[in-house]
A.B. asks: 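Here it is, the structure, as structure tokens.
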Amino acid sequence: MRFCPSPTGNPHVGLARTALFNWAHARHTGGTFVFRVEDTDAARDSEESYQGLLDALRWLGLDWDEGPEVGGDHGPYRQSLRMDIYADAAQQLLDAGRAYLAYDSPEELEERRVAARAAGGASGYDGLHRDLTDEQRAAYEAEGRQAVVRFRMPDEAITFHDLVRGEVTFEAGQVSDFVIRRANGQPLYTLTNPVDDATMGITHVLRGEDLLSSTPRQIALHRALVDLGIGEGVVPQFGHLPLVTGSGNRKLSKRDAGGSLTYYREAGFLPEGLLNYLALLGWSFGGDQELFTLDEMAAAFEISRVNPNPAQFDLKKCEAINGLKIRGLDVDDLARRLVPYLASAGLVSDPPTPEQQQLLTAATPLVHERIAVLTEAVDLLGFLFVDDAAFTVDPDDAAKVLDEAGLGVVSAARDALAALGTWDTASIEAALRAALVEGLGLKPRNAFGPVRVAVSGRRVSPPLFESLELLGRERGLARLSAPLA
RNA sequence: GCCCUCAUCGUCUAGGGGCCUAGGACGCCGCUCUUUCACAGCGGUAGCACGGGUUCGAAUCCCGUUGGGGGCACCA
């Protein structure tokens, strides 16, 4: 198995899904999961993207058996470090007549492409330089032209058994001779990918459906490599996963708002929540079960059960799954995961001080059932951690609830609590109910609303009595007094 | 334009010829619980793209149509 993204831009969810399925298949079958980085295009690849890629995979928690940082017998695992291998392969292909030099200029190619298409044909390479004589080549060289290397496609239909789609056939002549080495000598993905798969002993490849039409080219090249004795003599089996589309049913690109993996990380998705959701796009556990762990998925993953039709990414459902995953976490685990988010909001230090840790441990149960993503906890819990000087009440909520009547309620609440002996949830509740509901004859909703806003700063907050207990007597009373001043 | 591919509620899916008056989940709408918001529970809404076959019987098999998606680079 292998997974071989190229480090261009931010990793996106489609990439995560592909990695997940490859991982699951490797784990299920007991195979080796190879992670290779396809960075052959210097113009598009960057070290930053490379780091981002590793970072994203580590965050997701998908471990690989061979690849960057873990090594392996088939390294190096970055194509930029394997250039001599490709140069050698290209030369052997050329020497064997399986590839040839083509001197067409980009302008000429473009012109012929447009013409071919206008004539109703396919727009691939027309094979003009397929059988140049030595004299013709010499003439082009004399003009100062630089040749690319094109692979000579065999004149036969190519049929392969797609792991998810079954038999797929491309008729002879449908796939044109493709460039494997640029005029500047740099190899292209079309060459590096099969060469690496061959030399790394890759047997299975799961990738996006967008690569389906390039598969016959790769298979043809693989066969040539086998003939030449390059690599381990195995043509991998391919499986093409359905595309993950965005809301407009268009291919989800890394430029889409919800496309980038960093979005999910920053919004507070659990990696296992995102992965669980992604697994549902094109695969199902079976029966009515939608929630499972990575290990359960690996145990159950059957490539033949992968659905071939494209799936639209639904953020709402992704959040719902994530919320369910959060609810399945134990409280300490949840608290631990909240720390980075609270810290980046400036509410706690990372690691938290003992006092912060204590408060967090006590407060986490209050949000456990109410959040779908981790960042929601930051909004909900902020009032507990914020410096008193920095505490603010949401102006809209204040306007709605803290009117004259509301302030009267807050005042009564303060008086009742000031007289309270024991400061705990039950006592606070009893005192407030007595003073506001029974004393003032208010409906609970109207009684606690103003108090909630004064204490938490918002109309939506964790449960009020527990919040007051955690806030403590001094701070609690101060919050109630503040709007009265 | 050419090639490839896909087709079950709005979305993700279960479904391998009779267990299907098509099941689940998200969403949406009600209700219950309730100090807000949630959670949880209950109920509801909504679908086999169309047309031909095959068969005693098709969501399931075949063909076609239509529609969607992808590809057609000296990107990957």
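Quantities reported herein were computed from a predicted structural model and do not represent experimental measurements. All chains are named by letter (A, B, ...) in the order of the sequence lines, taking the proteins before the strands, and each is independently numbered beginning at 1.
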A.B. asks: Short question: side chain of A:H368, backbone of A:L329 - any donor-acceptor pair under 3.5 Å?
C.D. replies: yes

A.B. asks: If you pin A:S105 and A:S461 to their nearest nucleotides in RNA chain B, which one's is more 5'?
C.D. replies: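 The residue whose closest nucleotide sits nearer the 5' end is A:S461.
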
A.B. asks: When rounded to the nearest Å, what value does the distance between P atoms of B:C12 and B:C56 take?
C.D. replies: 37 Å

A.B. asks: Is there a donor N/O on one and an acceptor N/O on the other, under 3.5 Å, for the side chain of A:R370 and the base of B:C37?
C.D. replies: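 Answer is yes: a donor-acceptor pair is held.
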
A.B. asks: Counting only distance, no hydrogens or angles, is the base of B:U35 paired donor-acceptor with the side chain of A:R452 under 3.5 Å?
C.D. replies: yes

A.B. asks: Check whether any side-chain N or O of A:R182 sits under 4.0 Å from OP1 or OP2 of B:C75, and answer yes or no.
C.D. replies: yes

A.B. asks: Name the orientation class of the two ring planes belonging to A:F285 and A:W283 (parallel below 30°, tilted from 30 to 60°, perpendicular beyond 60°).
C.D. replies: perpendicular

A.B. asks: Roughly how far apart, to the nearest Å, are B:C63 and B:G23 at atom P?
C.D. replies: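 These two P atoms come out 29 Å apart once rounded.
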
A.B. asks: State whether the side chain of A:R137 and the backbone N or O of A:L132 hold a donor-acceptor pair below 3.5 Å, judged by distance alone.
C.D. replies: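 The answer is yes, because a donor-acceptor pair under 3.5 Å joins these two groups.
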
A.B. asks: Over 60° means perpendicular and under 30° means parallel, so classify the ring planes of A:Y263 and A:F269, tilted if in between.
C.D. replies: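 The rings of A:F269 and A:Y263 sit tilted, inter-plane angle from 30° to 60°.
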
A.B. asks: With a 4.0 Å cut-off on heavy atoms, is A:E376 in touch with a base, just the backbone sugar-phosphate, or nothing at all?
C.D. replies: nothing

A.B. asks: If you look at every strand shown and take non-hydrogen atoms under 4.0 Å, does A:P463 touch a base, only sugar-phosphate, or nothing?
C.D. replies: base

A.B. asks: Considering only heavy atoms and no angle criterion, is a donor-acceptor pair shorter than 3.5 Å present between the side chain of A:Q289 and the base of B:G24?
C.D. replies: no

